[in-house]
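Read through the structure below, which is laid out as structure tokens, and then see the notes.
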Amino acid sequence: MMREFIWNFSYLQRWILAGVTAAAVCAPVVAQGTHLWTQTRADDFEKGTPLGVSIESDGKLREAPGLKELATTPSTFVWSVAADKNGAVFVGTGSPATVLRIGSDGKPFTIFETKDLAVQAVHMGPDGALYVATIPSGKVYKLNPAATTKQDETNATLVFDLAQTDAKDADKSDDKGDAKSRYVWDLSFDGAGRLYIATGGPGAVWRVDTAKPGAKPELFFKSDEAHIRALAWDAKGNLIAGSDGSGLVYRIDASGKGYVLFEAPRREITAVAVGTNGTIFVADVGDKSRNPLPPLPVQGNGSVTITVVQPGSMQAANASSSLPEGSEIYAIDARQDAGGQAPRRVWAGKDEVVYAIAADKDGLLALSGNRGRVFRIREDGSSADIAHLEAQQGLALASAKDGVLIGTGNTGKVVALTAKSDKHEYQSDVLDAGALARFGRVEIEPGSTGYTIWTRSGNVEQPVRGWSEWAAVKDGAVTSPAGRYLQWKVQLNAGGVLGGVGVNYLPVNSAPVVDDLVVVPGAKWTPQPQGAGQQTVTISLPSGSAAATVSYDGGSASSITAAKDKTAVTVRWAAHDDNGDDLTFALYLRGDGETVWRQLKDGITEKAYSFDQTLLPDGGYELKVVASDAPSHTPGDALTGEKISDRFEVDTAPPTVNGLAVNGMSFRFDAEDAVSPIEKAEYSLDAGAWQYVEPVGNLSDAKKEHYEIAIPASASLKAGEHLLTVRAYDRHDNVGVAKTVFVTK
């Protein structure tokens, strides 16, 4: 027992360490040696593609229900789904807004069409009729579900019109005839066959006794919230309603009296469901700190014009976007009033917008609207991603004769969640090894059983472009050829389960690359900060250089700071290694006319170096930087890369000033340097201010320049002895000086 415990503990340690580094190996740059690419958590597996495979919250892959497409509608959105006892499916759509009947042949037939934007809800009534709600007119129609001809607003039976109800008492804008949007979000029937209608603008619940022809709607419950979004019934016959505005969950008794069971942390309740044990589940979205809705007056006198904005979840659906806060699902104990558990969060998805939930014997189904995911959530807090829809959005859930129906958006489809799937297969995310790599053993988490694994590899990111064929893992090792990219897939057998998967790989060594190189004479760089008051020189890599993307020691990628120093030369370079290997650098020097490179310094770990140029004879030189990945490889496997600098000059000797002579009120002299052209010359009379002078011909571009200067009359030289000093600079800031004494009368 002790031996088995030690082995399992060691294995667990390795998986934990691998999980810590898993994110790093997804990037193109990796470290040296053998790597282990792991997928061990649900978040890792979510990056792949399941087909009839459930991604459990504990990081396991198991068998899952299948998806069967029943029909593709002409509309962009399927907002609601219902089914009759014979299995006929009815869907409410948007863009265009229709009600479709889908038979066993999968062909949709339009039984109702409206000029509204969408049919938001469809519901089979206990009388066998189909009830449909449209937005933004806020109307409910009664339809013949077996109709063989298309109906519209002119020949369908109107049972509810929010604009003609007593809503005027709460919204006086109707008295002025102002244009206004009204919403019907949900429909539900009680045990007596009466229809309940959840509305927005204002938020209320209306009741219509559909068994009585011509019965007028009555205001059953009035809220100060903007919208009542979802309805459900608890075991005691109370109506459960969720709102948009403050995220309230109401329990409304038979008399229409409401009691707030729960105020959610988010501003909108998108869906409500009641479990078999009476637990109430609610889904919420939206940040309360950013309320886009104007306040709705509860009471007041006079005329008020109110603009009601759609809930955030609907705006997100129409824009095919997500809400940054994601969704949460809470469970509310049916015995809360009698001392039961407080409401508790059983699931959260930071990237999900939950539009519909449905309770069944196995827990709760939740439909994600922005990524097309179906989740199964259990009351113990565990969950599973059981299906990925091909459509972008999942919008509606409904129970049917043979399973669960799903309505989607972008595109508008009707899909059935079947009890069994023809295939239980999962394809992983793609590994980018960063360079050509050899693949080794596949490690499987203990406890996994009933599976078969294949792999394929390639050298382009998309697997459909010239990859190898799927090849089964043999003796626990990958048989796919070497490549930069790798993907694995698993087939689960009946009762199969797969835990974490790790693939060992070794990137083939790539030579380092020296991306750029600059040499700056007259500057000295040290890793330490420069002293206060010291002149500095900024050394930048060339504009547009590929090295601009290479970070230099955590600092700027474009420049470093060096101290101005005539005796020093600083060289700076940028280099990278596709394998992420540690690099060392060597510097070599070669003078004009020489063929042999002489080593200046080896074993450099920084990407800059300064040396004393006074140790070199004046003249022209080139520098070569050689990068080596030897610290990360055995000597026989190490590779190098190099780059040669532009020619630069070492010039530490000052120019000479010759032939200085004064003739009357003029003087002349020559300035000459052995290495570089003369940069400038100046003169001073009697230790006065320095005056700039031009050479004969004005251009200062030669190693020897001749100067003939007339002393200006403004100098006002008095009779007697005078001092003339001249100095000349070469291009490397070396200066030569000469002086003479002359006498004026």
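Quantities reported herein were computed from a predicted structural model and do not represent experimental measurements.
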## Note on the structure
Taken to the nearest 0.5 Å, the spacing of Lys489 NZ from Thr49 OG1 works out to 12.0 Å
#### Entry: Test side chain to side chain donor-acceptor pair (under 3.5 Å) applied to Thr634 and Asp637, step by step
CA-CA 5 Å; Thr634 59; Asp637 294 331; 3.0 Å; yes
### Query
Applying salt bridge (charged side-chain N to carboxylate O under 4.0 Å, His left out), which residue pairs with at least one partner in residues 643-670 are found, sequence neighbours left out?
Asp592-Arg647, Arg647-Glu649
### Message
Once rounded to the nearest 0.5 Å, what's the spacing between atom OG of Ser510 and atom CG of Leu436?
### Response
7.5 Å
### Query
Is the backbone of Val626 close enough, under 3.5 Å, to the side chain of Thr640 for a donor and an acceptor to pair up by distance?
no
### Message
Determine whether a donor-acceptor pair (N or O, by modelled atom type, separation under 3.5 Å) exists between the side chain of Ser628 and the backbone of Thr584.
### Response
no
### Query
Mind checking what makes side-chain hydrogen bond (donor to acceptor under 3.5 Å, both in side chains) contact with Thr595, not counting sequence neighbours?
none
### Query
Mind checking what makes side-chain hydrogen bond (donor to acceptor under 3.5 Å, both in side chains) contact with Asp612, not counting sequence neighbours?
Thr614
### Query
Should the pair Arg727 and Trp690 be classed as cation-pi, given the thresholds of under 6.0 Å to the six-membered ring centre and 45° from the axis?
yes
### Query
Is the closest side-chain heavy-atom distance between Arg598 and Arg590 below 4.5 Å?
no
#### Entry: Donor-acceptor pair between His722 and Thr744 side chains, under 3.5 angstrom
yes
### Task
Applying side-chain hydrogen bond (donor to acceptor under 3.5 Å, both in side chains), name anything that partners Tyr485, two or more places apart in sequence or on another chain.
none
### Task
Please step through side chain to side chain contact (heavy atoms under 4.5 Å, CB included) for the pair Phe585 and Leu587, ending with a clear verdict.
CA-CA 7 Å; Phe585 305 94; Leu587 279 178; over 6 Å; no
#### Entry: Heavy-atom donor-acceptor pair, Ser457 side chain to Pro481 backbone, under 3.5 Å
yes
### Query
Step by step, would you call Tyr683 with Tyr707 a ring pair (Phe, Tyr, Trp, His ring centres under 6.0 Å)?
CA-CA 11 Å; Tyr683 76 92; Tyr707 297 85; over 10 Å; no
### Task
Could you go through the side chain to side chain contact (heavy atoms under 4.5 Å, CB included) check for Phe667 and Val726 one step at a time?
CA-CA 10 Å; Phe667 64 93; Val726 297; 4.0 Å; yes
### Task
Considering non-hydrogen atoms only, spot the tightest contact between Val737 and Val657 and give its length.
N-CG2, 4.3 Å
### Query
Roughly how far apart are Arg572 CZ and Ile560 CD1, rounded to 0.5 Å?
5.0 Å
### Summary
Note: Phe648 and Leu589 closest approach over all heavy atoms is CZ-CD1, 4.0 Å
### Task
Taking Gln613 for its side chain and Lys566 for its backbone only, find out whether a donor-acceptor pair lies under 3.5 Å.
yes
### Task
Would you check if Ile453 and Ile444 make a side-chain contact, meaning some heavy-atom pair closer than 4.5 Å?
yes
### Query
When you measure from the side chain of Glu352 to the backbone N and O of Ala348, does any donor-acceptor pair fall under 3.5 Å?
no
### Query
Has the side chain of Asn504 got a donor or acceptor atom that lies under 3.5 Å from a matching backbone atom of Arg441?
yes
## Note on the structure
dist Ser666:OG -> Ile711:CD1 (nearest 0.5 Å) comes out at 7.0 Å
### Side-chain (Asp629) to main-chain (Ala638) donor-acceptor, under 3.5 angstrom
no
### Task
Give the minimum heavy-atom separation between Trp467 and Gln462, together with the two atoms involved.
NE1-O, 3.2 Å
### Query
Between Asn734 and Asp673, is any side-chain donor less than 3.5 angstrom from a side-chain acceptor?
no
### Query
For Ala671 and Ala728, which heavy atoms make the closest approach, and how far apart are they?
CB-CB, 3.6 Å
### Task
Taking side-chain hydrogen bond (donor to acceptor under 3.5 Å, both in side chains) as the test, write out the residues that go with Gln487, two or more places apart.
Arg456
### Task
Hey, can you tell me if Tyr426 and Trp488 have their rings parallel, tilted or perpendicular (30° and 60° cut-offs)?
tilted
### Message
Under a 3.5 Å distance rule, please check whether Asn459 uses its side chain to pair with a backbone N or O of Arg484 as donor and acceptor.
### Response
yes
### Task
Taking ring pair (Phe, Tyr, Trp, His ring centres under 6.0 Å) as the test, write out the residues that go with Phe439, two or more places apart.
none
### Query
Which distance, rounded to the nearest 0.5 Å, do you find between the CZ of Phe611 and the CG of Leu623?
5.0 Å
### Task
Determine the minimum heavy-atom distance between Lys739 and Thr725, stating which atoms define it.
CB-OG1, 4.0 Å
### Message
To check you understand the geometry: which heavy-atom pair defines the closest contact between Pro507 and Ala433, and what is its length?
### Response
CG-O, 4.3 Å
## Note on the structure
Taken to the nearest 0.5 Å, the spacing of His35 NE2 from Leu431 CG works out to 9.5 Å
### Query
Would one find more than 12 heavy atoms of other residues, nucleotides or ligands at under 6.0 Å from atom CZ of Arg438?
no
#### Entry: Ion pair check, Asp287 and Arg267, cut-off under 4.0 Å
no
### Task
Determine yes or no for a side-chain-to-main-chain donor-acceptor pair under 3.5 angstrom, with Asp686 supplying the side chain and Leu723 the backbone.
yes
### Task
Please report the C-alpha distance between Tyr692 and Glu682 in whole Å, then the side-chain angles of each, then the deciding distance to 0.1 Å, and finally whether the side chain to side chain donor-acceptor pair (under 3.5 Å) criterion is met.
CA-CA 4 Å; Tyr692 177 80; Glu682 299 171 321; over 6 Å; no
